[in-house]
Amino acid sequence: MKKNKIPIPISAEVFRCLQCYNAPCQDVCPTHIPIPRFIGMIRSGNIFGAAEEIKSANSLANICGKICPEEIYCQAVCTRGKIDKPILIRELHDFATKFEADKGFRKPVIPDCLAKKPAVAIIGAGSAGVSCAYELLKLGVSADLYDILEKPGGIPAHLIPQWRIGAKNLARDIDFLLSYISKPKILSKALSIAKLKTKYKAIFLATGLWLDRMLEINGEKMPDVYHGIDYLALSRSNPGSFSHYSQVVVIGGGNVSLDVATTAKKLGAEDVTLTYRRSPRELKTWKAEKKAAEEAGIQFVFQLQPIAILGIDNGVKALLCQRTKMLNKLDKSQRRIAVPDKTTRVEIPADAVIVSIGQDSSVQLDLPIKQNSIGGVEVDENFTTNVPGIFAGGDLVRGEGTVVQAVADGQNAAHAIAEFLKNKK
Ligand code: SF4
């Protein structure tokens, strides 16, 4: 058989891998992709085999190949990093899955169970929900997917900027999986978990966190003031509506706020400033994302507490802040507490302000499902809530997380649900 030709830098990279026994990279990956195995396959020219290995472990393999934060997972623990530098694992993953996708998809082998009455309702057609439905299908269980949005795909389809994922990769994962699962049903009325429970044997809640947190300061409801999730969704569906802004100030200190800031820059703003109330030490962003934002020209200003958004002529004029002091005391999130110095005033000129300080769940639970300390849903190690037959996973359980973690939750919850259904019989 003719060997597939491997580009030179990729071939150099695969030969740097030590093929560790008990590979820490694989262990730390939420979906446990067999990393040394797929790297070994690329080495021998079996790139289709490498892609199959990745896809069998991770149902959103094309998306994760583009956006997975390798610096907190596989590459953070790569043994090769102790010698010189870690293997570029995400790049190798991306190379293999892209190679396979460019040559055409291979059909997965799944049981023909769509004819059976769906036993499970999955609420939320995002990374966790779609992955759960697909894994259930592989286990011979059919599920109905529900979502409030017409377009499925959750955060990758609606919020993560398109230049990071690429429309092709979305289709390669979401559309591909949905061609095996049935199309999501649209929830036109408020979700009633109690009602769904009478129709299905099990429910998986994967609704994520879509409600922007408010800063609760004067001027927050003015025109030209946006909130992170709404802004990212609008910038995907109607990018032209933001092209007239030239000075944008983003408030926040997480990865979502970096996406917001780089989006504002890409949409044409000359100056984009990201303000954070704590110091750089407390910033929750990933290094690679921050570096990319700095390279895109985003300015970072630290230790500023916003106190009002100032307006002029029915629009935004500036963000008014107070400087903060960092205490040597930690809060619940284990970060130093920032205390505003009320004697100070800093005005940052702006014609648009975007508040991106975190998200909460917008789902109203009409069953007594126990909530966790972060306002999400509490589950045990089997993704089971306190109400028998109701499971949950993804951001709704963990708070803001990664796509790969949501995929892992969806896939693992599918196994727990299949086991539950088996025992119920
Ligand atoms: Fe290869 Fe690094 Fe994984 Fe070891 S830890 S198998 S060197 S990628």
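Both ligands and their constituent atoms are indexed starting at 1 by order of listing.
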Judged by modelled atom types alone, do Ser333 and Asp331 share a side-chain donor-acceptor pair under 3.5 Å? yes
Just checking, is any N or O donor in the side chain of Ser59 or Glu135 under 3.5 Å from an acceptor N or O on the other one? no
Identity and distance of the protein heavy atom lying nearest [atom]:
{"atom": "atom 2 (Fe) of ligand 1", "answer": "Cys78 SG, 2.4 Å"}
{"atom": "atom 7 (S) of ligand 1", "answer": "Leu18 N, 3.3 Å"}
{"atom": "atom 5 (S) of ligand 1", "answer": "Thr79 N, 3.4 Å"}
{"atom": "atom 1 (Fe) of ligand 1", "answer": "Cys17 SG, 2.4 Å"}
{"atom": "atom 4 (Fe) of ligand 1", "answer": "Cys20 SG, 2.3 Å"}

Ionic contact status for [Y] with [X], cut-off 4.0 Å:
{"X": "Arg37", "Y": "Glu53", "answer": "yes"}
{"X": "Arg164", "Y": "Asp259", "answer": "yes"}
{"X": "Asp147", "Y": "Lys185", "answer": "no"}

Any N/O/S atom of Cys25 sitting less than 2.8 Å from atom 3 (Fe) of ligand 1, backbone or side chain? yes
